[in-house]
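See structure below.
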Amino acid sequence: MDYDHQKTEREWQERWEAEGLYRSVVDWDRPKHYALTMLPYPSGDLHMGHWYAMTPSDARARYMRMKGFNVLFPMGFDAFGLPAENAAVQRNIHPAEWTWSNIERMRVQIRSMGAMIDWEREAVSCDPEYYEWTEWLFRRFYEGGIAYRGEAIVNWSPTLQTVLANEQVIDGKDERTGQPVIQKKMEQWFFSITDYADELLNFTGIDWPEPVKAMQTNWIGRSEGAEVIFEMETGDEVPVFTTRPDTLWGATFMVLAPEHPLVDTLMTEEHRVAVDEYRVAAAAQSELERMQTDKEKTGVFTGGYAINPVNEQRIPVWVADYVLLSYGSGAIMAVPAHDQRDFEFARQFGLPIAPVIRPKGGDRLNGDTMEAAYIGPGTMVDSGPIDGVVTTDAKGRANPSVAAAIDWLEEHGAGTEAINYRMRDWLISRQRYWGAPIPMIYRADGTVEPAPDLPVLLPEAPEFTGGPSPLATDEAFLATVDSDGNPARRDSDTLDTFMCSSWYPYRYLSPHYDASAFDPDEAAYWLPVDTYTGGAEHATMHLLYTRFFTKAMRDVGVFADTETAMRAHGRDPEGLFDEPMTQSRNQGQILGEERPGDRLVVAGEWVDGRFVAESIRVDDHAASDAGPVVGELIRRTERTLQVQTADHMVTVEVPEDAEVEVPGIDGINDVTQLRHYLEVQRMSKSKGNTVNPDELVERYGADTVRLYLMFAFDWEKGGPWDSRGISGARRFIEDVWKIGTTEYEPGTVSADASLALRRAAHQTITKVDRDMEAFKWNTAIAALMTLRNDLLEARRTTAVSLEAWNEAVDLLLVLLAPIAPHVTEEIWSQRGNAESIHLQSWPEADPEVAADQTVTLVVQVNGKVRDRVEVSPDIDEETAIAAAMASERIQEWLTKGEVRKIIARPPNLVNLVIN
RNA sequence: GCCCGGGUGGCGUAACAGGUAGACGCGGCGGUCUUAAACACCGCUGUCCUUCGGGGCGUGGGGGUUCAAGUCCCUCCCCGGGCACCA
């Protein structure tokens, strides 16, 4: 009987659900494992990326369960956000209706994965019973001094009609739509994430991917240095942050950001017009233009002077847009001799350049003739008290000259050691409707207080115009009373949806709990998350926010009841609320299938019937007479391209030095770039290279799709989809089906063959166990395929005993169960097992059975393999050398020279060095 | 510019602690079955030479350490990602 995946998968999914196989219940007698995968946004349809993220996470959770852990694997939806409002504008459908119908649809799709999700713990962030507690957490943060209202220059997206957090702006554009963002001064709500900067930089005790740690570290951008106070001639004081206080004696001017508040008081009448003009021009520039680093330095003199505190020198104060108000204090001391930006500025405006570092092993620098700033080690010169101190490439106090300068500054009250961060506080106000309302009230006297009753429910907004948020004009919503019963106004903004997703692992524990954000008894058992999986694209957003959130929750006492409950069960809560997730892993991205069909224009010449390219251009709109060979790319190999021109097929040879012009990459490219352009494309509807998982599931079954996704890629890397490859996965499933469901009849049984199969099976346990532990799905499956091959071979030879056969088959099924849960369950049941395969414990390899009887001893001569000999695994050095020398082939080699040295690594290798 | 991650057959990938490079799969080639094709099954498949015993070369390029290097060190090139006038 053929394997009917549709029937099997449907039936078992229903049965698992009916029998509550995946309900997870607190059980203090068993070790727990909280497995979590990033919750999806309900965009409408599950795509291959969801399958790629979720099904291996499920396999891993199943594996942990078989290893004896009480596993919680929940699912939910991150359901607030702009797409729902866009749908409302475009299709006249309420965001709630759009969102909930998408969730309905995606629940069905997720169920088709056959994952061990405990649906009773599902949490949806747009549900009032969820966002009541998002609001509650905001209030706790407000009361705890972590949420504050402040005026700041913020990123305003005219397209989205809202402000955005720094993390959501990339290259001056909104990360979702790619539309430009402008700078605007507004009063908004912030979380003081910068207070946690140092704690966030500390990753000890958590097992997170190196790239994510690096990205977060980079993002936080800690710089060590000093804050130096410069007194202006007007009497004002301007603090300046510098990482190089040791170069203070070389500061020849000062620069303020155009938006700096002191510019007004500092500038003299004669410079007012010029400065104002400059400020207007700077303000008119988009963030994008301002960030261009290659343009010429611009700026203008204010007419004001500051006093350099280290040497009382009078230095001019300029305004320039290369100084950013958002970093440090928005003012810098300029040391043109040792900072390239300051150098360029000084040359541009003829300002003096005063070197204070004598390069290591070099002569003194001359400020008039230098061609670039000197940034390197040396000795301090012309620097008063720190003259002669050595300067190195080290940062902060680790650099002797910096340490000396800081000491001097602190001694003389001119400055202090300081640390500055690139990261800014988290802006959480959004001028949008579809989010959790900010539960704050503005009283008539101008003070602010938290809304007394939670949740503040979203009103049924009547109209979505695409303009300003409907909340901003909803009088019925805005009008309220304060705690004294006087008329007051509500905040019309909603919370950044990243706030909702920052605490969802806690809501999963008790999604319907109404006494607090989560049930402390559940939390005491399940927290923290043991394994978290998801995309690395969230490294400086969700993954950073959620770490901050847990620390902030800890500090405002949200976990107090949980700690009490833990102690009652004898669990020490110390340090358990410092990080939300102990271990984290990122899957890569599934890209679109390599797709021929690009239109190429090739120039070159004919050589022996082949066309050798000199230049290749990818141009989808090229006319057919644009070059000697113009046509569709049909096939590509390493060095050749098959191009279908208007009338015939041409094989184009691509030499290493051919010029390649690829859209989106400027300048002249090479063959590698062409290769990557043709190969790697993200899946997108506009490119027409999407793969619909639903169709594949219907055709091949969920088990096959799961298995293929886990087999065909290095999970942490991802790669382009290959629709041909899936047949191998399906073939494997069918082979397992045949092996497991058709009777095996032994013929002439041999003890050796039986033991060989048993050995193979037990060795497979070890491999699969190691690989699943490490998320190496592809090699785990390769090991299982090898066992499949062994079983097929055993069936052909019929030399294996029935016992050995059955043991190997059962092991194959149990080891495969986390990856392909349906087919293994069906075969398991057909083989007469009453209890679910998913309740079996993970097998352990019997070391005696798994031990190799013989091993291959590699014999090398001068490091090159010349022969292989089968030997006993416990062979000693002498015997191994003797065995190696005994080989006929080796004897032949030995005639060519004298043995000078023998390296023996029994039982694997003997290397004979001859000359 | 700085910081991560990469570069291995036609393709996806594998190689635990320096010790048999290419496991496993896709694709391709040959064969069996079939009226035929598909499926299935069997065999071959890095590359060049070969007297068919085997031998040379081969993990982005160059150099080094070592009895032995995909793996370690130096250097350069290329690809992907992150940050970036960050003081």
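Keep in mind that what you see is a predicted model, and the values were worked out from it rather than measured. Any value given below was found using the heavy atoms of this structure, including those in side chains, with hydrogens, waters and symmetry copies removed. Below, read A as the first sequence line, B as the second, and so on, with proteins coming before strands; counting in each chain starts at 1.
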[N]: pairing nucleotide in any strand, Watson-Crick or G-U under 3.5 angstrom:
N: B:C83; value: B:G1
N: B:C57; value: B:G46
N: B:U66; value: none
N: B:A15; value: none
N: B:A40; value: B:U32

Please work out if [X] contacts a base, only the sugar-phosphate, or nothing of the nucleic acid, heavy-atom cut-off 4.0 Å.
X: A:N218; value: base
X: A:N789; value: sugar-phosphate
X: A:Q860; value: base
X: A:G221; value: nothing
X: A:R730; value: nothing

With syn defined as a glycosidic angle within 90 degrees of 0 and anti as anything else, the base of B:G12 is anti
Given the 90°-from-0 boundary between syn and anti, B:G53 should be labelled syn
Between [options], which one does the side chain of [X] approach most closely?
X: A:N778; options: B:C4, B:C86, B:U13; result: B:U13
X: A:Y322; options: B:C4, B:C85, B:C24; result: B:C85
X: A:R866; options: B:G55, B:A14, B:C3; result: B:G55
X: A:R889; options: B:G54, B:C24, B:C4; result: B:G54
X: A:F711; options: B:G27, B:U20, B:C24; result: B:C24
X: A:N911; options: B:C67, B:G25, B:A87; result: B:C67
X: A:R731; options: B:C26, B:G19, B:U13; result: B:C26
X: A:R724; options: B:G54, B:G25, B:G27; result: B:G27
X: A:T786; options: B:G82, B:C24, B:U13; result: B:C24
X: A:S727; options: B:C83, B:C24, B:C26; result: B:C26

By nearest-heavy-atom nucleotide on RNA chain B, the more 5' of A:F713 and A:N420 is A:F713
Closest to the 5' end of RNA chain B, once A:K738 and A:G718 are matched to their nearest nucleotides, is A:G718
Distance check, C1' atoms only: B:G54 and B:G64, in whole angstrom units.
32 Å
- Mind checking the C1' distance from B:C77 to B:G61? Whole angstroms is fine. 7 Å
Is any side-chain heavy atom of A:F241 less than 4.5 Å from a side-chain heavy atom of A:I332? no
Worksheet item: Can you find a side-chain donor-acceptor pair between A:R730 and A:H5 that sits under 3.5 Å?
Response: yes
* Side chains of A:Y3 and A:T741: is there a donor and an acceptor less than 3.5 Å apart? -> no
Is there, by distance only and without an angle test, a donor paired with an acceptor across the side chain of A:K297 and the base of B:C85 below 3.5 Å? yes
Exercise for the section: Mark yes or no for whether A:E898, through its side chain, and A:I914, through its backbone, hold a donor-acceptor pair below 3.5 Å. Expected result: no
Any sub-3.5 Å donor-acceptor pair from A:N911's side-chain atoms to A:G863's backbone N or O?
yes
Within the pair [X] and [N], is there a side-chain N or O less than 4.0 Å away from OP1 or OP2?
X: A:T779; N: B:C24; result: no
X: A:K864; N: B:G54; result: no
X: A:W893; N: B:G55; result: yes
X: A:R788; N: B:G25; result: yes
X: A:R341; N: B:C86; result: yes
X: A:R796; N: B:C42; result: yes
X: A:R770; N: B:C16; result: no

Proximity of A:W318 and A:F345 rings by center, below 6.0 Å: yes
query: Do A:Y700 and A:Y708 have ring centres separated by under 6.0 Å?
result: no
